[in-house]
Amino acid sequence: QVRLVESGGGSVQAGGSLRLSCVLSGYTVYNTNCIGWFRQAPGKEREGIAAIYTAGVGPRAHYVDSVKGRFTISQDNAKNTVFLEMNSLKPDDTALYSCAAGAFVGYWDRDGDYDYWGQGTQVTVSS
């Protein structure tokens, strides 16, 4: 059974940092085509914010414009974990953050391309 478990969320002030973790079981990071991070704020649609294609020539990361330069996605194959390092956090980053894994992800920011989802971890940024 495939499981994804997120952790690392919390409440921080604007300008602060958090590191989210997504631990996979029943599935290896390296053999997954792509692992993405999505977020959903109250009253808004879920949006893809970062993803990493985990195999092939080398990991390839993608980011939505609003987090470029502030967020970094990375993988640790030994720990079967994908991380999302978030710096310079803003109140607009407040949301439920979820990770997802997919075997055939054509568009990294399209949630329908992913097969497995975690339950999410809440991030709250105060001004």
Side-chain angles (χ1 to χ4, degrees):
Q1 183 179 1
V2 178
R3 287 190 67 202
L4 286 76
V5 179
E6 304 94 336
S7 63
S11 297
V12 296
Q13 290 190 328
S17 299
L18 286 172
R19 187 193 197 201
L20 305 185
S21 300
C22 173
V23 180
L24 281 70
S25 59
Y27 212 13
T28 62
V29 166
Y30 183 76
N31 288 326
T32 303
N33 171 243
C34 184
I35 297 175
W37 282 97
F38 290 75
R39 68 185 180 188
Q40 187 166 21
K44 294 186 177 180
E45 292 188 355
R46 183 163 58 189
E47 67 167 339
I49 57 170
I52 187 164
Y53 287 86
T54 58
V57 176
R60 293 170 290 137
H62 299 267
Y63 302 93
V64 69
D65 286 347
S66 61
V67 307
K68 282 181 181 177
R70 300 189 297 125
F71 291 10
T72 303
I73 189 170
S74 62
Q75 65 186 86
D76 185 330
N77 293 341
K79 295 182 179 180
N80 219 31
T81 301
V82 170
F83 301 100
L84 185 67
E85 186 77 34
M86 306 188 297
N87 298 313
S88 302
L89 284 162
K90 306 174 182 178
D92 284 349
D93 294 319
T94 295
L96 180 69
Y97 285 69
S98 302
C99 63
F104 301 100
V105 176
Y107 294 91
W108 68 268
D109 57 349
R110 188 165 65 186
D111 55 8
D113 281 17
Y114 291 82
D115 305 307
Y116 305 102
W117 291 81
Q119 292 298 308
T121 184
Q122 178 67 36
V123 172
T124 303
V125 185
S126 58
S127 57

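Side chains are part of it too, since the values below use all heavy atoms of this structure and drop only hydrogens, waters and symmetry mates. When a residue number appears, it is its place in the shown sequence, counting from 1. Source: prediction; values computed, not measured.
- The nearest pair of heavy atoms linking Asn87 to Ser17 is OD1-OG, 2.8 Å.
- Residues satisfying the ring pair (Phe, Tyr, Trp, His ring centres under 6.0 Å) criterion with Phe71, sequence neighbours excluded, are absent altogether.
- Distance check, rounded to the nearest 0.5 Å: CD of Gln119 to CG of Leu4 gives 10.0 Å.
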Identify every side-chain donor-acceptor pair in residues 103-114 under 3.5 Å, counting partners at least two apart or on other chains, and give the distances.
residue, atom, partner, partner atom, Å
Arg110, NE, Asp113, OD1, 2.9
Arg110, NH2, Asp113, OD1, 3.1
Arg110, NH2, Asp113, OD2, 3.4
Asp111, OD2, Arg46, NE, 3.4
Asp111, OD2, Arg46, NH2, 3.2
Asp113, OD2, Gly106, N, 3.0
Asp113, OD2, Tyr107, N, 2.9
Tyr114, OH, Trp108, O, 2.6

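- Legend: residues meeting side chain to side chain contact (heavy atoms under 4.5 Å, CB included) with Val5, ordered by chain and number and at least two apart, are Arg3.
- Within the structure, salt bridge (charged side-chain N to carboxylate O under 4.0 Å, His left out) contacts touching residues 118-127 (residues at least two apart or in different chains) do not occur.
- Annotation: disulfide (SG to SG under 2.5 Å) contacts involving residues 76-127, sequence neighbours excluded, comprise Cys22-Cys99.
- Phe83 meets the side chain to side chain contact (heavy atoms under 4.5 Å, CB included) test with Arg19, Ser21, Ser74, Asp76, Thr81; sequence neighbours excluded.
- Considering only residues two or more places apart in sequence or on other chains, Glu47 meets the side-chain hydrogen bond (donor to acceptor under 3.5 Å, both in side chains) condition with Arg39.
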Would you check, one step at a time, whether the test side-chain contact (heavy atoms from CB on, under 4.5 Å) holds for Ile49 with Leu84? CA-CA 10 Å; Ile49 57 170; Leu84 185 67; 3.8 Å; yes
Enumerate donor-acceptor pairs with a distance under 3.5 Å from any side-chain N or O in residues 120-127 to protein atoms, sequence neighbours excluded.
residue, atom, partner, partner atom, Å
Thr121, OG1, Gly9, N, 3.1
Gln122, NE2, Ala95, O, 3.3
Ser126, OG, Val12, O, 3.4

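- Ile35 has its side chain within reach of Leu24: a pair of non-hydrogen atoms, C-beta onward, lies under 4.5 Å apart.
- Remark: Lys68 engages Asp65 in a side-chain hydrogen bond (donor to acceptor under 3.5 Å, both in side chains) (not counting sequence neighbours).
- Here Thr28 pairs with Asn31, Asn80 under the side chain to side chain contact (heavy atoms under 4.5 Å, CB included) rule; sequence neighbours left out.
- A single hydrophobic cluster is not seen to contain both Tyr116 and Leu96; linkage of ILVMFWY side chains at heavy-atom distances under 4.5 Å, directly or through other members, places them apart.
- With sequence neighbours left out, Asp92 forms a side-chain hydrogen bond (donor to acceptor under 3.5 Å, both in side chains) with no residue at all.
- Expressed to the nearest 0.5 Å, how far CG of Leu20 lies from CH2 of Trp37 amounts to 4.5 Å.
- Atom CD of residue Gln75 and atom CD1 of residue Ile52 lie 4.5 Å apart, to the nearest 0.5 angstrom.
- Using modelled atom types, no side-chain atom of Thr72 and backbone atom of Glu85 make a donor-acceptor pair closer than 3.5 Å.
- Under the side-chain hydrogen bond (donor to acceptor under 3.5 Å, both in side chains) criterion, Ser88 pairs with no residue, sequence neighbours left out.
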